[in-house]
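Numbers here are sequence positions counted from 1. Side-chain atoms are counted along with the backbone in the values below, which use heavy atoms only and exclude waters and symmetry mates.
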Amino acid sequence: MKKTTCKTLLLLAALLCGGSLHAQTVLQNVYAHKHQSLNGSWQTIVDPFDAGFYDYRLKESSNGFFKNRVAKSKQDLVEYDFVPAEQLYVPGDWNTQRPELFLYEGSIWYKKDFNYQRKPGTRLFLYFGAANYLTHVYLNGEKLGMHEGGFTPFNFDITDRVKDGANFVIVRVNDDRKPENVPTVNSDWWNYGGITRDVLLVETPETYVDDYRLDLAPGRYNQLAGYVQLNQAKAGQTVTLAIDELKVKETLTTDAQGRATFTLKAKPTLWTPEQPKLYDVRLTCGEETLADRIGFRRIETQGKSILLNGKKTFLRGIAIHEEAPFRAGRVANEAECRTLLRWAKELGCNFVRLAHYPHNEAMVRLAEEMGLMVWSEIPVYWTIHWDNPDTYRNAECQLTDMINRDKNRCAVIIWSIANETPHSDARDRFLGNLATRAREMDGTRLLSMAMEVSGTKENTNQVHDNMSRYVDIVSFNSYLGWYSGTMQDLNTRQWDIPYDKPFFVSEFGAGALAGRHGDKDERWTEEYQAELYRLTLQMYDRVEGFAGTSPWILMDFRSARRQIHGTQDFFNRKGIISNRGEKKQAFYVLQEFYRQKAEEYK
């Protein structure tokens, strides 16, 4: 791709993330602002033909369902209505709330009424934690904008749109799978549609801290560095940074761009999984104070080792989908996040791979509090449209939004830009540009992606990938003994990973139905899964540079690809815990391996 084209794409991405110019607003640490929840029951209309969005010529209608029209006389013709009998709960997917929507893919309209009284000197934003996948948002019958992507936050400034008194917001959410989407048509998780995360009305002053970053200064353990960014290009505005426990109180003054950068002396206790120390931080601008809890740590590589705060570490991980335990469906509250992470801690983990998309903010913050390092990734998954500029723009927007939201979360140590992507020049350009963007936004974390085994020769698996020059950790997925080879191959297989970098096994595993027992060579039994875990871990532990793993996966999860009646029943059964919370034998195999690794890396 020519440089001019790359620059054009980056400019378009900056302008169009979220589908509207004002969506560049970050609203860092959104819950610290004064806010009102719009969660709860929303009235809905299921619209499989998109009759409320398009007219009969398939053009976007100017008089669609978002107008919320009501017949005023016997002569009026209005062929839709929002009624209390048809409701969905927000946050939540629609698939698991109504049986008739379990397999539904298409559009559903959501409507919520709210009252508001405008206040002088106050801005008001309508904030969505996420909605899957394509979202159009309307306030009082007028379009605010749209957002593409199912797992990152977006917002709209409605200061000049909201009315005193009664208001209504209407949202069209469409989860049609399309080849040019990110993710594309095929995936191995359930396509949960709907408004799946919090919806908030967020109040700020006219001038406020829109974004900030606070971290260890590069190469130093006794200095902090960062920036604050106002929502306006306003010079001379003072912002106070306070960390009482470190005796820090600094008055910062913004430049002509509304930005203040700083370096200050402080020697914090470093965050580790064993001691996940977080500091209470306050940023005060005018009448508003934003409170956050921030930890400080350094993550880096040295040769084939990963170093946390200068000490060699082994990533004792597990992969997790944002799938609710016990009930299935998209995770919808903090308690469900805590259950999943508590299982990971019980397993002996110090690391979780939050696959295959950015998880909700509560999940990341809880991982930080509980002492779990995090791999966070965007859903550039399998066969993306590598040559499509719109697809690239979409992927880069999702990457940008992920980093923007979680850049102050010290638990996040790895940004991942892809999973199991087929090699080609177009793919290398696409992912190379994403890697460059990630480095520009955040050079303090490690960069990786889940690669694949590129070939096998003379009983040696090869991991050769052009993307290796971009990543800090060579990560790959391999299902030897399940999708390829035999269980016996795990005893003798060699590995060719020709890079002076740590390697990380981002996925391995086997399916097992909880409670099904048999011989070690019988698929779908707990014994087969446990034996595969035992032999796989022994195999990788013999290979130089083995720096960690996140086996697939913590808990069974729904997937439309998995259709063996009586065994899968629309579930991927590779979990080491069932969707009902039953621990399989492989859980204890991995737990023991991690106990030994924890001792080894004390």
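- Looking at Arg427 and Asp465, a side-chain N of the basic residue comes within less than 4.0 Å of a carboxylate O on the acidic one, giving a salt bridge.
- Because its NZ or CZ atom is not both nearer than 6.0 Å to the ring centre of Tyr133 and within 45° of the ring axis, Lys178 does not count as a cation-pi partner of that residue.
- If you take CZ on Arg561 and CH2 on Trp189, they are separated by 11.0 Å, rounding to the nearest 0.5 Å.
- A side-chain donor from one of Tyr227 and Asp211 sits under 3.5 Å from a side-chain acceptor of the other.
- In this structure, Phe351 has its ring center no closer than 6.0 Å to that of Phe314.
- Note that the CE atom of Met539 and the CG atom of Leu537 stand 9.0 Å from one another [nearest 0.5 Å].
- For the 3.5 Å distance criterion, the side chains of Asp210 and Gln229 fail to qualify, holding no donor opposite an acceptor.
- With Thr152 contributing its side chain and Met402 its backbone, the two residues share no donor-acceptor pair below 3.5 Å.
- Side-chain contact annotation: Asn132 with Asn191, donor-acceptor N/O pair under 3.5 Å present.
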Please assess Asn155 against Val26 for the test side-chain contact (heavy atoms from CB on, under 4.5 Å), listing each intermediate value before the final yes or no. CA-CA 8 Å; Asn155 65 81; Val26 175; over 6 Å; no

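- Of the possible donor and acceptor atoms, none in the side chain of Glu377 sits under 3.5 Å from a partner among the backbone N and O of Ala355.
- Inspection of the Tyr212 and Asn29 side chains reveals an N or O donor paired with an N or O acceptor under 3.5 Å.
- Exactly one of Tyr357, Trp190, Tyr192 qualifies for a ring-ring contact (aromatic ring centres under 6.0 Å, His included) with His321. That residue is Tyr357.
- The only member of Trp482, Tyr533, Trp552 that meets ring-ring contact (aromatic ring centres under 6.0 Å, His included) when paired with Phe508 is Tyr533.
- Between Asp496 and His464, the side chains place a donor N or O and an acceptor N or O closer than 3.5 Å (distance only, hydrogens not considered).
- The 12-atom threshold is not exceeded at CD of Glu544, counting heavy atoms of other residues, nucleotides or ligands nearer than 6.0 Å.
- Summarising the geometry, atom CZ belonging to Arg558 is positioned 7.5 Å from atom CG belonging to Asn579; distances are rounded to the nearest 0.5 Å.
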Applying side-chain contact (heavy atoms from CB on, under 4.5 Å), run through Gln538 and Leu535 and close with a yes or a no. CA-CA 5 Å; Gln538 291 172 3; Leu535 295 177; 3.8 Å; yes

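- No side-chain donor-acceptor contact under 3.5 Å links Arg493 and Ser478.
- In this model, no donor atom of one side chain and acceptor atom of the other lie less than 3.5 Å apart for Asp556 and Ser578.
- Inter-residue side-chain proximity for Thr400 and Met441 is flagged as met; some heavy-atom pair is nearer than 4.5 Å.
- A distance of 4.5 Å separates CZ of Arg342 from OG1 of Thr339, quoted to the nearest 0.5 Å.
- Atom CG of Leu308 is separated from atom CG of Asn350 by 8.5 Å, given to the nearest 0.5 angstrom.
- Looking at Arg439, Glu440, Arg445 one by one, the single match for side chain to side chain contact (heavy atoms under 4.5 Å, CB included) with Asp442 turns out to be Arg445.
- Between the OH atom in Tyr594 and the CG atom in Leu315 there is a gap of 9.0 Å [rounded to 0.5 Å].
- With hydrogens and angles left out, the side-chain atoms of Gln97 and Asp93 include no donor and acceptor closer than 3.5 Å.
- Side-chain rings of Phe503 and Phe546 approach one another, their centers coming within less than 6.0 Å.
- Within a 6.0 Å radius of CD in Gln302, other residues, nucleotides and ligands contribute 12 heavy atoms or fewer.
- Counting only distance, with no hydrogens or angles, the side chain of Glu322 and the backbone of Asn360 share a donor-acceptor pair below 3.5 Å.
- In this model, a donor atom of one side chain and an acceptor atom of the other lie less than 3.5 Å apart for Asn419 and Asn477.
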